[in-house]
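Atom set for the values below is all heavy atoms of this structure, side chains included, hydrogens, waters and symmetry mates excluded. Below, read A as the first sequence line, B as the second, and so on, with proteins coming before strands; counting in each chain starts at 1.
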Amino acid sequence: MATVAHLDFEKAITEVEQQIERLQDLARERGLDVTAELRSLERKLHSLKRDVYENLAPIERVMVARHPNRPYTLDYLKLIFSDFIELHGDRLYRDDGSIVGGWARLEGESVMLIGHQKGRDMKENLSRNFGMAHPEGYRKALRLMRMAEKFGRPIITMIDTMGAYPGIGAEERGQAEAIARNLRGMATLRTPMIAVVIGEGGSGGALAIGVTDRLLMLENSVYSVISPEGCAAILWKSGAERDKAATALKLTATDLQQLGVADMVIPEPAGGAHSDWERTASALRDALIRYLDDLRALPVDELVRQRLQKYLQIGEWRGTP
Amino acid sequence: MDLWFPKKPKTKLKAADKRELPGDVWEKCPSCGDILYREKLRENWNVCPTCGYHLRLPAADYVRLLLDEGTEEEYDVEMRSVDPLGFVDLKPYPERLEAAQRNAGSGDALIAASGALDTIQIQTAIMNFAFIGGSMGSVVGEKIARAGLRSLERSEPLVIVSASGGARMMEGIFSLMQMAKTSAVLAQLDQASIPYISVLTDPTTGGVTASYAMLGDINLAEPGALIGFAGPRVIEQTIKQELPEGFQTSEFLLEHGMLDAIVDRRELKSRISALLRHILGMPGSNGRTQAAPPPDSPE
Ligand SMILES: [Zn+2]
């Protein structure tokens with residue numbers, strides 16, 4: 001990991017981490033034995049992280065979900081999958097680097113992996129566009145999904161985007177059409193599909209690779225119809241009220257599980273995914289294997305029927321049975 | 001998704017004009033400025049007789065516009081939104097719903113009906129922009145899904161008239177998921193070769209455009225409508241530059257290949273009828289071969 005960014009509510013955690021570093025430096029310079037002190041500080045750090053992370057406000061989860069050191073799709077790819085061969089382009093206009101995809105192996109089995117990809121720095125974001133796809137990104141994703149269907153391989157998608165890119169070229173080339181076509185296409189694909197929200201699930205741009213048999217969410221990921229900032233600007237007439245909007249939108253992984261939209265919340269280590277990539281990846285790997293095994297056991301007609309039923313049942317109303 | 005943008009008038013009413021125009025009798029055309037007798041305007045389906053400018057038309061009037069008199073049957077009239085998240089912004093969501101139900105002339109943002117369109121039995125769903133910006137929540141999604149499933153069951157074409165600022169954010173993730181739900185039903189129609197005609201009116205943006213509105217076998221739009229994914233203000237804020245003239249209008253979308261045709265509202269019914277007769281292998285209207293409209297002239 002490059003530079004470590006700190007969030008406001010992590011201040012106490014950062015302080016203890018710095019104490020530990022100073023103690024280690026001191027021990028090295030003077031050859032002192034600080035094992036006992038270190039152990040006590042590390043215990044303190046762990047319980048502090050647990051306390052802070054168990055009690056995050058929804059807007060703080062949003063900040064964690066957007067944390068610049070959080071693992072992205074290609075990081076999980078390295079930690080969980082093998083034999084990745086990236087496939088490029090929508091065959092219509094260009095290759096969109098904000099969505100990556102290709103063949104990969106999970107425990108030796110071939111899958112089609114597709115995910116949003118944010119850049120770590122400005123240079124990378126020139127090609128990744130901060131993980132905000134243009135129509136050609138969604139069209140590439142659908143092309144790869146149809147290939148997976150054709151050859152009978154399952155599809156795993158990783159969602160991590162602020163949203164579909166709102167720009168002139170995106171509108172000219174049919175952003176809405178591209179998203180809509182994906183939604184319709186994914187509904188009937190005859191192969192098992194799992195989506196995982198690994199960071200930000202931003203509205204239609206997230207859903208465009210998220211119509212799947214199962215939806216998993218990392219503990220500190222969020223999924224929402226609109227960003228808290230956008231919602232606050234429209235309904236509260238002030239972007240500053242984003243904390244209220246984040247709470248009202250019920251966008252955390254736990255919220256979505258309680259609302260029946262997410263199937264599973266994958267626990268993150270105390271301190272969040274950005275503090276321990278390996279443990280996060282290991283929990284994600286276990287969940288993917290388990291859910292993929294379940295889905296593979298279903299006859300494909302039944303799989304597609306259940307997917308349709310799942311989406312038909314989402315929503316609440318009164319007055320007509 | 002920004003919900004509440006008024007239709008941008010090309011000329012502004014001056015204070016003096018407003019005084020001279022009792023709004024219940026006269027209306028000034030926002031485009032050419034002609035003073036129009038409201039009754040006459042309504043008979044012309046809210047299209048300015050002078051310049052052809054399309055003012056917004058209430059959802060109930062589209063039912064009259066599209067379906068043969070006496071054939072219409074409305075569905076899920078009593079279906080109402082609930083407040084699944086307990087959503088409170090400056091006002092609680094249930095208060096916004098009550099106000100909309102009082103003022104918008106429908107129980108939610110969509111009317112679902114069946115009936116004959118020029119004797120062809122169809123299912124139709126028409127959005128009501130006056131109801132919380134035509135926003136799509138659980139009720140809109142469910143009524144569209146049911147209309148689609150009726151189409152499928154009865155092998156009747158589906159016609160959806162869209163007008164929406166996007167998702168109903170007060171229903172949070174449920175509103176987003178209606179995009180998946182409606183698109184999943186349209187996938188069934190697609191596979192069963194049941195025709196679906198989408199009509200986009202002013203404005204159609206956000207989650208509605210990015211789901212059923214763009215998925216027609218044929219996508220038609222009224223002239224001059226605002227159509228897009230992101231709202232123009234969001235785009236301007238993102239790219240920090242002014243948008244080109246005519247951006248995100250029906251004409252812009254036609255030029256960029258997203259629409260099959262732009263159709264004057266007064267000809268919408270006959271055009272849909274003619275299209276369905278082609279698709280369904282039926283003879284032209286009244287058994288005659290209709291005179292074809294001239295091909296759209298390239299710019
Ligand atoms: Zn006029």
Practice problem: Could you tell me whether A:Glu302 atom CD has more than 12 heavy atoms of other residues or ligands within 6.0 Å of it? | Solution: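 Yes, because the 6.0 Å sphere around CD of A:Glu302 holds more than 12 heavy atoms from other groups.
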Quiz item: If you draw a 6.0 Å radius around CE in A:Met162, do more than 12 non-hydrogen atoms from other residues or ligands fall strictly inside?
Solution: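 Open: at most 12 neighbouring heavy atoms sit under 6.0 Å from CE of A:Met162.
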With only heavy atoms counted, which part of [X] is less than 4.5 Å from chain B, the side chain, the backbone, both or neither?
{"X": "A:Arg173", "answer": "backbone"}
{"X": "A:Leu207", "answer": "side chain"}
{"X": "A:Leu308", "answer": "side chain"}

Which bit of [X] comes within less than 4.5 Å of chain A, counting heavy atoms only: side chain, backbone, both or neither?
{"X": "B:Phe252", "result": "side chain"}
{"X": "B:Ser81", "result": "backbone"}
{"X": "B:Met258", "result": "side chain"}
{"X": "B:Ala180", "result": "both"}
{"X": "B:Gln237", "result": "neither"}
{"X": "B:Glu255", "result": "neither"}

Closest approach of [X] and [Y], non-hydrogen atoms and distance?
{"X": "A:Gly315", "Y": "B:Phe174", "answer": "N-CD2, 4.0 Å"}
{"X": "A:Thr188", "Y": "B:Ala187", "answer": "CG2-CB, 3.7 Å"}
{"X": "B:Ala210", "Y": "A:Ile179", "answer": "O-CG2, 3.8 Å"}
{"X": "B:Met214", "Y": "A:Ala180", "answer": "CB-CB, 4.2 Å"}
{"X": "B:Leu176", "Y": "A:Ser224", "answer": "CD2-O, 4.2 Å"}
{"X": "A:Val225", "Y": "B:Ala167", "answer": "CG2-CB, 3.4 Å"}

Options [options], ranked by heavy-atom pairs under 4.5 Å with chain A, top entry:
{"options": "B:Glu171, B:Gln241, B:Arg146, B:Gln178", "answer": "B:Arg146"}
{"options": "B:Leu186, B:Asp190, B:Asp83", "answer": "B:Asp190"}
{"options": "B:Leu215, B:Thr209, B:Ile239", "answer": "B:Leu215"}

Are any side-chain N or O atoms of [X] and backbone N or O atoms of [Y], one a donor and one an acceptor, separated by less than 3.5 Å?
{"X": "B:Lys181", "Y": "A:Gln313", "answer": "no"}
{"X": "B:Ser138", "Y": "A:Glu316", "answer": "yes"}
{"X": "A:Glu172", "Y": "B:Gln248", "answer": "no"}
{"X": "A:Glu171", "Y": "B:Ala230", "answer": "yes"}

Just so I know, are the side chains of [X] and [Y] near enough to count as touching, which here means a heavy-atom distance under 4.5 Å?
{"X": "A:Leu251", "Y": "B:Ile173", "answer": "no"}
{"X": "A:Tyr223", "Y": "B:Met177", "answer": "yes"}
{"X": "A:Lys244", "Y": "B:Asp89", "answer": "no"}
{"X": "B:Pro244", "Y": "A:Ile168", "answer": "yes"}
{"X": "A:Leu235", "Y": "B:Leu90", "answer": "no"}
{"X": "A:Trp317", "Y": "B:Asp108", "answer": "no"}
{"X": "B:Ile235", "Y": "A:Tyr165", "answer": "no"}

Exercise. Not counting sequence neighbours, which residues clear salt bridge (Lys or Arg N to Asp or Glu O under 4.0 Å) with A:Asp255? List them please.
Key: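 Here no residue qualifies.
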Quiz item: So which residues of residues 211-221 of chain A are in contact with chain B at a heavy-atom cut-off of under 4.5 Å?
Solution: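 Near chain B, by residue number: A:Val211.
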Practice problem: Report the option among A:Met186, A:Lys310, A:Arg318, A:Arg181 that has the most heavy-atom pairs separated by less than 4.5 Å from atoms of chain B. | Solution: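 Highest number of pairs under 4.5 Å: A:Arg318.
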Between [atom1] on residue [X] and [atom2] on residue [Y], distance to nearest 0.5 Å:
{"X": "B:Leu85", "Y": "A:Lys250", "atom1": "CG", "atom2": "NZ", "answer": "6.0 Å"}
{"X": "B:Phe229", "Y": "A:Ser203", "atom1": "CZ", "atom2": "OG", "answer": "5.5 Å"}
{"X": "A:Ile314", "Y": "B:Met179", "atom1": "CD1", "atom2": "CE", "answer": "12.5 Å"}

